[in-house]
Amino acid sequence: MHTSIYPLLALLLTTPLFAADVPPKEQQIAAALQAAPEGRREGAAVLGYDGGQLTWLREGSNDLVCLYDNPDDDRFSVACYHKDLEPFMARGRELSAQGMKGPARRDHRFKEIEEGKVSMPREPRTLYVLHGSGVNPETGEVEEPYLRWVVYTPFATPESTGLSAKPAESAPWLMDAGTAGAHIMINPPRP
């Protein structure tokens, strides 16, 4: 191999390939905030991407943290959640980066919560998830938006909540009942 190719190869191996696809900071913030309730957007902190790395794009003054869409994921999704859930969310991102996915990642985090290695509030905390087909570059609005809610209630059961553990579209139900990551799913009817 010719020696002048080495610097180019080194640059390609150390530069995130998706960096060009990530919108500017202000566009990421505007899109991420759309997952939050309108009256809570102004003070929310925002995590997004700079140079391919997840970073704080904006400090917050209230209890919400909003997260811009992961450019490595094919599906457009932004989220906002109570700041007390950040250790749990951050650990999930760490495990995903290590290649741990699905039930293995979920069970690993739940075990770490039970062992006291990952902080998880015992009182209910809400996560807002906004899916869409992307962001309209002219308006900044999430296109084809679908907002759902998740209320984390660690160790909740159908008996303690009165909710069914059977998945339901357009009705609340309890997912991961009895675990450290138990949560109420609220999926409104899809348009």
Side-chain angles (χ1 to χ4, degrees), residues 25 28-50 53-70 72-73 75-98 100-131 142 145-165 167 172-188:
K25 174 183 172 179
Q28 290 183 65
I29 291 170
L33 291 174
Q34 290 176 53
E38 283 190 37
R40 319 250 3 260
R41 293 175 181 175
E42 187 176 319
V46 180
L47 282 162
Y49 295 86
D50 183 18
Q53 299 296 317
L54 185 65
T55 187
W56 293 99
L57 298 179
R58 182 174 100 171
E59 295 296 319
S61 60
N62 67 20
D63 58 358
L64 284 184
V65 173
C66 295
L67 176 64
Y68 183 71
D69 179 60
N70 180 346
D72 286 339
D73 192 340
R75 186 175 177 193
F76 184 84
S77 180
V78 292
C80 295
Y81 48 86
H82 192 280
K83 66 182 179 182
D84 291 351
L85 292 172
E86 176 56 18
F88 176 70
M89 299 298 181
R91 185 61 176 143
R93 293 188 297 267
E94 288 171 5
L95 294 172
S96 289
Q98 295 169 13
M100 191 178 290
K101 307 283 184 206
R105 182 182 79 139
R106 178 197 65 212
D107 294 345
H108 191 87
R109 282 196 295 174
F110 292 176
K111 183 179 179 204
E112 289 183 335
I113 292 167
E114 290 171 9
E115 293 171 347
K117 294 177 182 176
V118 173
S119 174
M120 184 69 154
R122 295 298 189 237
E123 304 80 24
R125 297 292 189 269
T126 303
L127 161 70
Y128 306 89
V129 183
L130 179 63
H131 298 289
V142 173
Y146 177 73
L147 181 65
R148 64 185 174 88
W149 304 270
V150 177
V151 181
Y152 282 92
T153 56
F155 304 104
T157 63
E159 296 77 19
S160 70
T161 62
L163 293 170
S164 172
W173 60 283
L174 186 62
M175 186 171 186
D176 296 328
T179 70
H183 54 279
I184 301 166
M185 297 288 295
I186 306 169
N187 301 319

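Residue indices begin at 1 and follow the sequence shown. This one's a predicted model, so the numbers in the text were calculated from it and none came from an experiment. These numbers come from the heavy atoms of this one structure, side chains and all, not from hydrogens, waters or symmetry mates.
- In terms of the side chain to side chain contact (heavy atoms under 4.5 Å, CB included) criterion, residue partners of T55 (sequence neighbours excluded) are, by chain and number, D50, L57.
- With contacts defined as side-chain heavy-atom distances shorter than 4.5 Å, the pair H131/R148 qualifies.
- With sequence neighbours excluded, no residue forms a side chain to side chain donor-acceptor pair (under 3.5 Å) with E38.
- Here the straight-line distance linking atom CG of L127 with atom CD1 of I184 works out to 13.0 Å at 0.5 Å rounding.
- Applying the side chain to side chain donor-acceptor pair (under 3.5 Å) test to S96 and every residue at least two apart in sequence or in another chain returns R105.
- H108 approaches R91 most closely through the heavy-atom pair NE2-NH2, 3.5 Å.
- E94 CD: more than 12 foreign heavy atoms inside a 6.0 Å radius.
- Under the 4.5 Å side-chain criterion, counting only non-hydrogen atoms from C-beta, L174 is in contact with T153.
- With a 4.5 Å cut-off on side-chain heavy atoms, M120 and L85 count as touching.
- R40 meets the salt bridge (Lys or Arg N to Asp or Glu O under 4.0 Å) test with D63; sequence neighbours excluded.
- Considering only residues two or more places apart in sequence or on other chains, K117 meets the side chain to side chain contact (heavy atoms under 4.5 Å, CB included) condition with E112, E115.
- Considering CG of L67 and CG of L47, their distance stands at 6.0 Å, rounded to 0.5 Å.
- Residues P121 and P154 approach most closely at O-CG, 3.0 Å, considering heavy atoms.
- Remark: E86 pairs with R93 by the salt bridge (Lys or Arg N to Asp or Glu O under 4.0 Å) rule, at least two apart or across chains.
- Ring pair Y68/Y49 is perpendicular by interplanar angle, where above 60° counts as perpendicular and below 30° as parallel.
- A search for salt bridge (Lys or Arg N to Asp or Glu O under 4.0 Å) contacts involving R125 returns D84, E123, not counting sequence neighbours.
- How far CG of D69 is from CG of L130: 10.5 Å, rounded to the nearest 0.5 Å.
- Atom CG of residue D176 and atom CG of residue D107 lie 8.0 Å apart, to the nearest 0.5 angstrom.
- Contacts of S119 classified as side chain to side chain contact (heavy atoms under 4.5 Å, CB included), with partners at least two apart in sequence or in another chain: P87.
- Partners of M175 by side chain to side chain contact (heavy atoms under 4.5 Å, CB included), not counting sequence neighbours, listed by chain and number: W173, H183, M185.
- Closest approach of A180 and F110 over heavy atoms only: CB-O, 3.8 Å.
- Summarising the local packing, CD of E59 is surrounded by 12 or fewer heavy atoms from other residues, nucleotides or ligands at distances under 6.0 Å.
- Listed by chain and number, the residues in a salt bridge (Lys or Arg N to Asp or Glu O under 4.0 Å) with E114 amount to none (sequence neighbours excluded).
- For R122 and F155, the positive end is not near the middle of the six-membered ring at less than 6.0 Å and at most 45° from its axis.
- Considering OG1 of T157 and CG of L163, their distance stands at 9.5 Å, rounded to 0.5 Å.
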Worked verdict on Y152 versus F88 for ring pair (Phe, Tyr, Trp, His ring centres under 6.0 Å) = CA-CA 11 Å; Y152 282 92; F88 176 70; 5.4 Å; yes
Would you please test H82 and T126 for side-chain contact (heavy atoms from CB on, under 4.5 Å) and show each step?
-> CA-CA 6 Å; H82 192 280; T126 303; 5.9 Å; no
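- Closest heavy-atom contact between C66 and A36: SG-CB, 4.2 Å.
- Of the options L33, V78, L64, a side-chain contact (heavy atoms from CB on, under 4.5 Å) to V46 is made by L33 and by none of the others.
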Starting from the C-alpha separation in whole Å, work towards a yes-or-no answer on side-chain contact (heavy atoms from CB on, under 4.5 Å) for L147 and Y128.
-> CA-CA 7 Å; L147 181 65; Y128 306 89; 4.2 Å; yes
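- Atoms SG and CD, on C80 and Q34 in that order, are 10.0 Å from each other to the nearest 0.5 Å.
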